[in-house]
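Only one structure is covered here, and it is reproduced in the block below.
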Number of protein chains: 2
Amino acid sequence: MSKKVKIEADGSTEEKIKTAANIVFTKKGFSGTRTRDIAEEAGINLALLNYYFRSKEKLFDIVMMENIQQFLMGIKGVLNNQELSLTEKISLVAENYINLLREQPDMPLFILSEIKANPEKLATNMNVREILLKSHFYEQLRRALNDKVNPLHFIVNIISLTVFPFVASPLLKVVGELKQEDFDKMVEERKKMIPVWIEAMLKVH
Amino acid sequence: MSKKVKIEADGSTEEKIKTAANIVFTKKGFSGTRTRDIAEEAGINLALLNYYFRSKEKLFDIVMMENIQQFLMGIKGVLNNQELSLTEKISLVAENYINLLREQPDMPLFILSEIKANPEKLATNMNVREILLKSHFYEQLRRALNDKVNPLHFIVNIISLTVFPFVASPLLKVVGELKQEDFDKMVEERKKMIPVWIEAMLKVH
DNA sequence: AAATATTTTAATCATTTGATTAAATCATAC
DNA sequence: GTATGATTTAATCAAATGATTAAAATATTT
């Protein structure tokens, strides 16, 4: 008498809808997305979407939460690893993020846009704060800066240098006349350079 | 028999609509904005909006163009000034942008989101490329880097460090538990630090 | 295989929203 | 002050869109 008996092989309908929703939402944002687009992308009928998830907003919240989760999980392990030096951590964070963003380049602009439109939804998710500011990494950063500069500046700097090129990629491609291939090459170069740059920035304080 | 006879004192209706549109569009994006919201913000009837500007999209295009224009004009003068050293230019660019963005903090996320949604509209505006890459500044950058690194990386770096905190401000405020006041203090500090940081980054190459 | 539960569909509803229209108001010219 | 053109409004239209419904199809249990 259980509600879910069928063992879904690979892509259950529910999963297909979530995947499709992720694609469309991250590309067009919440208000730019029509539920019909998601249905089409998933290859299902519109009514199914409301059958599985009660509304567009519920579906959105799920997709959004999974995105933020994914964005944080990629570094959570690194930041509290007691074995790694500050420099090693920065290298790993930059590399992990660039790898993630090359696969999901629309993710950061999507997250930032929707958090701005609805900051209170994130406020619930306060563990973001814990992960970043109560980490071993943050402590290493604080020491390296000798309490002369707010370490938050460097959290911002690392994320800026890593993430911003993806947020600004359409602009960057036009300005630099870059093809996707050239853009990929650039962000690949940045994997090595960002840690060196951050190192240099730390030293001037 | 001229079409426009009335000499508008301060805020003509047309100007009021544009100002209102800018506020609402930059806050909610194109698809998140309802023309009724703009009308209300401007304190006018909805039909007036379609009387002055033919459609939501026409109004949007104008607002968008003025934003991009404003974003570029702030630095155009600086970049080609033959008198200024590279470091001086970086200082001025950072300071000018931070001043601009403190007044219009929603501008960059708005521009980036809408360019992504509609890159071809920007493509027409190719002078962005000219302003940045054919500038005296770019040449100074190229020399400072001894052709070892693509100067575009440093264009990206300067803009990243300057603009990204505003793009990510809702996130930054939650993570750092910052009030508006604290955020303002941080970006104010960055006016001085960004040039120092960039200097340090340049030296490691 | 019959009965039951689950999944999917086509059709439709109700609301939102961009846009239009026709009439009213206001300013300016004559 | 009347006429003319510009500006503004209230009412309404038409299309888009999120959601529902009732029935059909499919799977599962007995």
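The figures here come from the full heavy-atom set of this structure, side chains too, leaving out hydrogens, waters and symmetry mates.
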B:Lys58 NZ - C:dG18 P separation (whole Å): 16 Å
Donor-acceptor contacts under 3.5 Å from residues 155-171 of chain B side chains, at least two apart:
from     : atom 1 : to       : atom 2 : distance (Å)
B:Asn157 : OD1    : A:Arg190 : NH1    : 3.0
B:Asn157 : OD1    : A:Arg190 : NH2    : 2.6
B:Asn157 : ND2    : B:His153 : O      : 3.3
B:Ser160 : OG     : B:Val156 : O      : 2.6
B:Thr162 : OG1    : B:Ile158 : O      : 2.7
B:Ser169 : OG     : B:Phe166 : O      : 3.4

Sidechain-backbone polar pair: B:Lys89 side chain, B:Leu84 backbone, donor-acceptor under 3.5 Å: yes
Mind calculating the distance between CD (B:Glu40) and P (D:dT8) to the nearest angstrom? 18 Å
Rounded interatomic separation in angstrom, taking CG from A:Leu49 and C1' from D:dA19: 10 Å
Validation row: A:Ile38, A:Leu46 side chains within 4.5 angstrom (heavy atoms): no
Please work out which of the three classes, parallel, tilted or perpendicular, describes the rings of A:Phe30 and A:Phe25, given edges at 30° and 60°. parallel
With sequence neighbours left out, which residue pairs that include part of residues 37-46 of chain A fulfil the side chain to side chain donor-acceptor pair (under 3.5 Å) condition? A:Arg34-A:Asp37
Contact list please: residues 21-39 of chain B against DNA chain C, heavy atoms, distance less than 4.0 Å, in numerical order. B:Thr33, B:Arg34, B:Thr35, B:Arg36
When every nucleotide of nucleotides 20-26 of chain D is labelled 5' to 3' by its protein contacts under 4.0 Å (heavy atoms), B for base, S for sugar-phosphate only, - for none, what sequence of letters results? BB-----
Please check: side-chain N/O of B:Asn67 versus main-chain N/O of B:Val63, any donor-acceptor pairing under 3.5 Å? yes
State which residues pass ring-ring contact (aromatic ring centres under 6.0 Å, His included) with B:Phe53; sequence neighbours excluded, sorted by chain then number. none
Among residues two or more places apart or on two chains, list those pairs meeting side chain to side chain donor-acceptor pair (under 3.5 Å) that have a residue in residues 74-84 of chain B. none
Nearest-Å distance, CG (A:Leu48) to C1' (D:dG18)? 15 Å
Side-chain N or O of B:Thr13 less than 4.0 angstrom from OP1 or OP2 on D:dT7? no
Protein-nucleotide distance (A:Leu59, atom CG; D:dA19, atom C1'), rounded to Å: 14 Å
Calculate the interatomic distance between A:Glu57 atom CD and C:dT16 atom C1'; express it in whole Å. 16 Å
Please report the distance, rounded to the nearest Å, between CZ in B:Phe53 and C1' in C:dG18. 16 Å
Atom CD1 of A:Ile98 and atom CE of A:Met186: how far apart are they, to the nearest 0.5 Å? 10.5 Å
Could you tell me how far apart A:Phe60 (CZ) and D:dG18 (P) are, to the nearest whole angstrom? 13 Å
